[in-house]
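What follows is a single structure, and I will ask about it in a moment.
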Amino acid sequence: MAWQDTLNARGWKIPFVGKSLFQIGKELRPKIDAIIMENSKIPDAAIQDKSFWPWIEKLESRWEDIRDEAVRIRAQDIPSLGEISFDHGRIGKDPRWRAFFLKGYGYTMEPNAVRAPITSKLLDEVPGLVTANFSVLEAGGHIPRHWGMTKGMLTYHLALKSPAETEKCRMHLEEGETTHVLNWRDGESFVFDDMFNHEVWNETDEDRYILLIQIKRPCRWKGNAIQNLFLFGVRNSRFVQDIKKAIENAATKDSSAA
């Protein structure tokens, strides 16, 4: 990127650019998060009231159309998170956790978006969208206990295809002394703050499909400005560029093999 070369030549440091996810997280907390939370329009709670976001109702009403696109792609054709994002480290080691990215940090993953046109069009109508993917946790899969990257984002799950043994497919979300146990049921959704520790299990013989969206936390102008600056940095970081490149490379290989 020419603008990066120019700034580097002048000896100016560009926050987050070329950094890993770990480095970004280390530089981010706690200063940026503190400003964001001082300007947040919603409470600091693990589980959020989804009625705050009007677009959720529309997504829920189209969940079957979204499900059909996700299931048509099949889990076997969706790469594991570890394959496309080295920076996810230990939480991406289980190959049974798969992610089919549609949008991320201002980029549309065109090779993937054309395979889910209805979902992609609906995502265009989600204000403050940061990332969106079909997330598949295959039978027996486990995502270790972890937390997210910033208080500036919230995570939305829309259940598309849930195991029949609902209680055996669950997420534990820790909030102080309380552990919330969340399960997925087809067509239902929830919003949570992934900066609270959470862990996921699928102890069934069925795969779990969800639409996973990350959105900006609603903030007043100062918090919003900090969010935008941070997201600009992440967009140009090694973290995002590596994922984007991996998706493009996979699409090239698929087209060559066809």
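Values below: all heavy atoms of this structure, side chains included; hydrogens, waters and symmetry mates excluded. Bear in mind the structure is a predicted one, so any value in this text is a computation, not a measurement.
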Contacts of Glu174 that satisfy salt bridge (Lys or Arg N to Asp or Glu O under 4.0 Å) - sequence neighbours left out | Arg145
Under 3.5 Å, is there a donor-acceptor pair between the His180 and Glu175 side chains?
-> yes
Considering only heavy atoms from C-beta outward, does the side chain of Leu102 approach that of Thr119 to under 4.5 Å?
-> yes
If you look at every heavy atom in Phe232 and Asn236, which pair is closest and at what distance?
-> O-ND2, 2.9 Å
Listed partners of Ala99 passing side chain to side chain contact (heavy atoms under 4.5 Å, CB included), at least two apart | Leu81, Phe101, Asn133
Report yes if the side chains of Phe192 and Leu154 come closer than 4.5 Å at any heavy-atom pair, otherwise no.
-> no
Within one Ile-Leu-Val-Met-Phe-Trp-Tyr cluster: Trp201 and Phe196, side-chain cutoff 4.5 Å = no
With Asp194, which residues qualify under salt bridge (Lys or Arg N to Asp or Glu O under 4.0 Å), at least two apart?
-> none
Only pairs under 3.5 Å count here: list side-chain donor-acceptor contacts from residues 123-132, not counting sequence neighbours, and write none if there are none.
unit_1, atom_1, unit_2, atom_2, d
Asp124, OD1, Lys103, NZ, 2.9
Glu125, OE1, Lys58, NZ, 2.6
Thr131, OG1, Gln214, OE1, 2.8

Go through the side-chain N and O atoms of Glu165 and Thr204 and say whether any donor and acceptor fall under 3.5 Å apart.
-> no
Only pairs at least two apart or in different chains count here, so list each salt bridge (Lys or Arg N to Asp or Glu O under 4.0 Å) that has a residue in residues 211-231.
-> Asp193-Arg217
Quick check, are the ring centers of Trp97 and His142 under 6.0 angstrom apart?
-> no
For the hydrophobic clusters of this structure (ILVMFWY residues joined by side-chain heavy atoms under 4.5 Å, transitively), does one cluster hold both Leu122 and Val114?
-> no
Do Glu138 and Val136 have side-chain heavy atoms sitting under 4.5 Å apart?
-> yes
Will you find, in the side chains of His172 and His198, an N or O donor that is under 3.5 Å from an N or O acceptor?
-> no
From Asp33 CG over to Met149 CE, what is the distance, rounded to the nearest 0.5 angstrom?
-> 10.5 Å
Hey, is the main chain of Leu173 close enough, under 3.5 Å, to the side chain of Glu199 for a donor-acceptor pair?
-> no
Does the Asn202 side chain pair with the main chain of Glu206, one donor and one acceptor, at a distance under 3.5 Å?
-> yes
Side chain to side chain donor-acceptor pair (under 3.5 Å) filter on Glu57, not counting sequence neighbours, yields none
One should read off an interatomic distance between Trp221 CH2 and Cys219 SG, to the nearest 0.5 angstrom, of 12.5 Å
Interatomic spacing from CG in Leu182 to CZ in Phe190 - rounded to 0.5 Å = 5.0 Å
List for me each residue that meets ring-ring contact (aromatic ring centres under 6.0 Å, His included) alongside Phe134, sequence neighbours excluded, and say none if there are none.
-> none
Will you find, in the side chains of Thr166 and Asn183, an N or O donor that is under 3.5 Å from an N or O acceptor?
-> no
Minimal non-hydrogen separation, Ile56 against Ser189, with atom names = CG2-OG, 3.7 Å
Is the side chain of Thr108 donor-acceptor paired with the backbone N or O of Glu110 at a distance under 3.5 Å, no angle test?
-> no
Find the distance between CD1 (Ile66) and OG (Ser120) and round it off to the nearest 0.5 Å.
-> 10.0 Å
Would you please name every residue forming a side chain to side chain contact (heavy atoms under 4.5 Å, CB included) with Glu188, sequence neighbours left out?
-> Arg185
For Arg67, the side chain to side chain contact (heavy atoms under 4.5 Å, CB included) test, sequence neighbours excluded, returns Trp63, Glu64, Val71, Leu160
Value for CZ (Arg96) from CG (Leu137), rounded to nearest 0.5 Å, stands at 8.0 Å
Which pairs with one or both residues in residues 43-56 pass salt bridge (Lys or Arg N to Asp or Glu O under 4.0 Å), sequence neighbours excluded?
-> Asp44-Lys151, Lys50-Glu60
Given Val191 and Ile47, is the side-chain contact (heavy atoms from CB on, under 4.5 Å) satisfied, shown in steps?
-> CA-CA 6 Å; Val191 179; Ile47 301 174; over 6 Å; no
Polar side chain donor-acceptor pair, Arg208 to Ser135, under 3.5 angstrom = yes
Mind checking what makes side chain to side chain contact (heavy atoms under 4.5 Å, CB included) contact with Ala139, not counting sequence neighbours?
-> Asp207
Can you name the side chain to side chain donor-acceptor pair (under 3.5 Å) partners of Glu203, sequence neighbours left out?
-> Arg170
Heavy-atom pair with the smallest gap, counting every atom of Tyr209 and Ala70 = CE2-O, 3.7 Å
Apply side-chain contact (heavy atoms from CB on, under 4.5 Å) to Ile73 and Arg115, showing your working.
-> CA-CA 8 Å; Ile73 295 168; Arg115 299 182 66 182; 3.8 Å; yes
With the 4.5 Å side-chain cut-off for hydrophobic clustering, are Tyr156 and Phe52 part of the same group?
-> yes
Any side-chain donor paired with an acceptor under 3.5 Å for Tyr105 and Gln241?
-> no
Any idea which heavy atoms bring Gly141 and Asp94 closest together, and the distance?
-> CA-OD2, 3.7 Å
Drop me the distance from Lys41's NZ to Asn39's CG, to the nearest 0.5 angstrom.
-> 10.0 Å
Trp184 and His157: side-chain donor and acceptor closer than 3.5 Å?
-> yes
